Amino acid sequence: MLPITGHPILTAARMRAAEAAHGDPAALMERAGEGIAQAARRLAVGAEVLVLCGPGNNGGDGYVSARLLAEAGLPVRVAAAAPPTADPARAAHRRWTGPVEPLADAAPAPIVIDALFGTGLSRALAQADAAALGRLVGAARLSIAVDLPSGIRADDGVALSPVPAFDLTLALGAVKPAHLFPPAAASCGAVRLLDLGLSLPQDTAVLSRPALAAPGAEDHKYSRGMVAIVAGRMPGAAALAATAAGGAGAGYVLLLGSSSDRLPHAIVRRRWSDDALADARIGAVLIGPGLGRDDAACDKLAAAIAAPHPLVIDGDALHLAAIDAIAARAAPTILTPHDGEFAALFGKPDGGSRIDHALAAARRSGAIVVLKGAATVIAHPDGRARVAPIASPWLSTAGTGDVLAGTIAARLAGPTDPFQAAAAGVWLHAEAARIAGPAFLADTLATLLPQAVRSCL
């Protein structure tokens with residue numbers, strides 16, 4: 001079992017293609033069953049195991065794991081929803097020498113392995129099967145789902161029928177979108193990867209801890225990155241972003257258009273002017289937090305888009321920006337919308353997953369898109385994407401988006417690839433929230449960013 005961070009995320013279709021390219025379904029099934037059995041052996045501690053098998057290859061994986069567990073001396077029972085229909089699953093069933101109980105009649109066991117239906121599921125479970133699954137998982141001391149909890153659609157995490165909450169989900173070969181996005185993620189419990197030795201595309205993957213470089217002896221405040229933040233009608237939001245930029249590693253933070261004296265003295269404050277962004281030493285500009293949506297805000301946004309610096313557009317500015325103007329920029333641009341801001345700029349998405357939505361927006365705008373949510377997607381116009389696992393639910397408080405924008409701007413201002421800067425900002429933001437624990441203010445979150453940075457050095 002491996003942690004999922006850094007590993008590829010595949011849709012059901014791409015997973016089928018990877019398995020077909022391997023060319024030996026029986027060998028893949030044996031390897032999957034071995035991984036399931038090893039995990040169950042470690043966790044069962046000699047307790048009875050009940051393996052629930054479906055008619056497809058997911059059920060075949062279950063028959064293999066049951067056979068190997070029995071050979072290892074564990075008490076094992078198998079219950080099936082239907083006889084196997086796929087050839088590899090039939091072969092695995094024949095090698096299981098014990099009885100097979102009807103799923104509806106199966107008695108509970110301390111350890112339950114759900115191998116009923118996996119990645120290919122496209123319809124709801126039969127009502128009797130869903131009821132039996134819920135009953136058996138609810139009575140178990142430990143419940144393990146093979147690839148996905150049965151009843152979940154792999155590509156978007158939609159629950160097609162009632163799905164109980166599992167303790168552990170073993171992702172076979174690759175992570176699936178449903179492992180990361182609600183509502184399915186809540187049913188998966190802890191997710192671990194079983195490597196099947198497949199050759200997999202790497203363009204979409206789970207976000208991993210960034211490797212940040214500490215400043216060298218030759219560095220100075222400008223080489224570390226100068227961030228210019230444009231304030232507006234709600235200066236507190238820009239102040240939060242400025243504090244975050246400083247804590248996330250910027251060498252110089254310039255706050256334009258705010259005279260607040262409640263900020264650290266190290267944050268430089270200047271009035272906004274038409275030439276405020278003319279300084280060639282600026283490494284990144286952030287506009288949007290607390291900007292407002294009046295004529296003055298529009299003028300500031302136009303100046304930021306016209307400036308030759310890397311740019312982060314957040315908050316109110318996402319309601320004012322034009323996609324064509326963003327796409328015409330030569331310098332890198334990062335957009336950081338939540339769902340409402342995304343709809344305001346790109347229109348309400350129609351079908352597909354959040355990964356699809358973010359990638360389509362990135363291609364359309366030519367910008368890196370950070371689609372914020374319970375599981376945040378970072379998408380590049382070239383088709384790369386990273387998905388951050390669900391972060392602390394305590395981030396659902398005012399000002400945390402401003403902190404994220406400032407964090408990303410700090411990483412963008414330094415000598416870093418813009419896609420990596422966006423990914424690092426999202427990771428640092430989530431790590432600061434983890435350090436904060438429950439019930440924090442966004443102000444506190446910003447002050448914990450140095451601890452998050454320290455963990456990446």
Side-chain angles (χ1 to χ4, degrees), residues 1-10 168-169 171 174-177 179-181 185 188-195 200-216 219 224-225 244-250 284 312 334 336 354-355 358 368-380 384-395 400-401 403-437 440 444-457:
M1 294 188 295
L2 301 170
I4 63 173
T5 53
H7 287 283
I9 303 169
L10 267 64
L168 172 67
T169 294
V175 180
K176 316 305 183 301
H179 294 134
L180 300 166
F181 294 106
C188 291
V191 181
R192 296 293 182 268
L193 179 69
L194 294 183
D195 183 10
L200 302 175
Q202 304 291 317
D203 51 352
T204 301
V206 182
L207 183 67
S208 58
R209 181 192 303 266
L212 304 181
D219 278 313
R224 284 181 56 187
V312 179
I334 299 175
T336 57
R354 289 179 66 82
I355 298 173
I368 294 162
V369 174
V370 178
L371 179 53
K372 299 182 293 192
T376 293
V377 181
I378 305 109
H380 193 286
R384 287 178 288 160
R386 297 293 179 266
V387 180
I390 292 177
S392 168
W394 293 100
L395 282 167
T400 57
V403 173
L404 175 60
T407 304
I408 291 173
R411 304 317 308 173
L412 180 63
T416 308
D417 170 81
F419 184 66
Q420 293 177 359
V426 170
W427 193 93
L428 291 169
H429 186 252
E431 178 65 5
R434 186 196 66 78
I435 295 168
F440 53 79
T444 302
L445 184 70
T447 65
L448 293 173
L449 284 165
Q451 293 186 46
V453 170
R454 188 181 305 123
S455 70
C456 300
L457 298 176

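For this chain, numbers begin at 1 and follow the sequence in order. Just so it is clear, the structure is predicted and the values come from calculations on it, not from any experiment. Below, each value reflects all heavy atoms present in this structure, side chains not excepted, and no hydrogens, waters or symmetry copies.
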Task: Contact summary for Ala244 and Leu449, nearest pair of heavy atoms - done: O-CD1, 3.5 Å
Task: Minimum-distance pair of heavy atoms, taken over all atoms of Leu448 and Ala432 - done: CD1-O, 3.9 Å
Task: Least distance between heavy atoms, Leu457 atom then Ala214 atom - done: CD2-N, 3.9 Å
Task: Side chain proximity check, Ile435 to Phe440, heavy atoms < 4.5 angstrom - done: no
Task: CG-CE distance between Leu193 and Met1, expressed to the nearest 0.5 angstrom - done: 11.0 Å
Task: Main-chain N/O of Ala171 paired with Lys176 side-chain donor or acceptor, under 3.5 Å - done: no
Task: From OG1 (Thr336) to CG (Leu371), nearest 0.5 Å - done: 10.5 Å
TODO: Determine which pairs satisfy side-chain hydrogen bond (donor to acceptor under 3.5 Å, both in side chains) with at least one residue from residues 448-457, sequence neighbours left out, and list them in order.
DONE: Arg209-Ser455
Task: Pairwise distance CD1(Ile4) to CZ(Arg192) - rounded to 0.5 angstrom - done: 8.0 Å
TODO: Just grab all the side-chain hydrogen bond (donor to acceptor under 3.5 Å, both in side chains) pairs involving residues 405-430, residues at least two apart or on different chains.
DONE: none
TODO: Heavy atoms only: give me the nearest Gly425-Ile408 pair and the separation to one decimal.
DONE: CA-CG1, 3.9 Å
Task: Spacing of Ile9 atom CD1 and Ile355 atom CD1 [to the nearest 0.5 Å] - done: 5.0 Å
- [ ] Apply ring pair (Phe, Tyr, Trp, His ring centres under 6.0 Å) to Phe419 and list each qualifying residue two or more places apart in sequence or on a separate chain.
- [x] His380
Task: Arg386 side chain vs Gly6 backbone, donor-acceptor pair below 3.5 Å - done: no
Open item on the list: Can you tell me how far apart CG (Asp195) and NE2 (His7) are? Round to the nearest 0.5 Å.
Closed with: 7.5 Å
Task: Euclidean distance, Ile334 CD1 relative to Leu412 CG, rounded to 0.5 Å - done: 4.5 Å
Open item on the list: Does Val175 form a side chain to side chain contact (heavy atoms under 4.5 Å, CB included) with Leu180? I'd like the steps, not just the answer.
Closed with: CA-CA 9 Å; Val175 180; Leu180 300 166; 4.2 Å; yes
Open item on the list: Can you give me the closest heavy-atom contact between Ala174 and Pro8, atom names plus distance?
Closed with: CB-O, 3.9 Å
TODO: Output yes when a side-chain donor or acceptor of Thr169 lies under 3.5 Å from a complementary backbone atom of Cys188, and no otherwise.
DONE: yes
Open item on the list: Applying side chain to side chain contact (heavy atoms under 4.5 Å, CB included) to Leu445 and Leu395, what does each step give before you reach the verdict?
Closed with: CA-CA 9 Å; Leu445 184 70; Leu395 282 167; 3.7 Å; yes
- [ ] Please lay out, stage by stage, how Trp394 and Thr400 fare under the test side chain to side chain contact (heavy atoms under 4.5 Å, CB included).
- [x] CA-CA 10 Å; Trp394 293 100; Thr400 57; over 6 Å; no
Task: pair Thr376-Leu404: side-chain heavy atoms closer than 4.5 Å - done: no
- [ ] Taking all non-hydrogen atoms of both residues into account, name the closest pair between Ala430 and Ala391 and its distance.
- [x] CB-CB, 3.9 Å
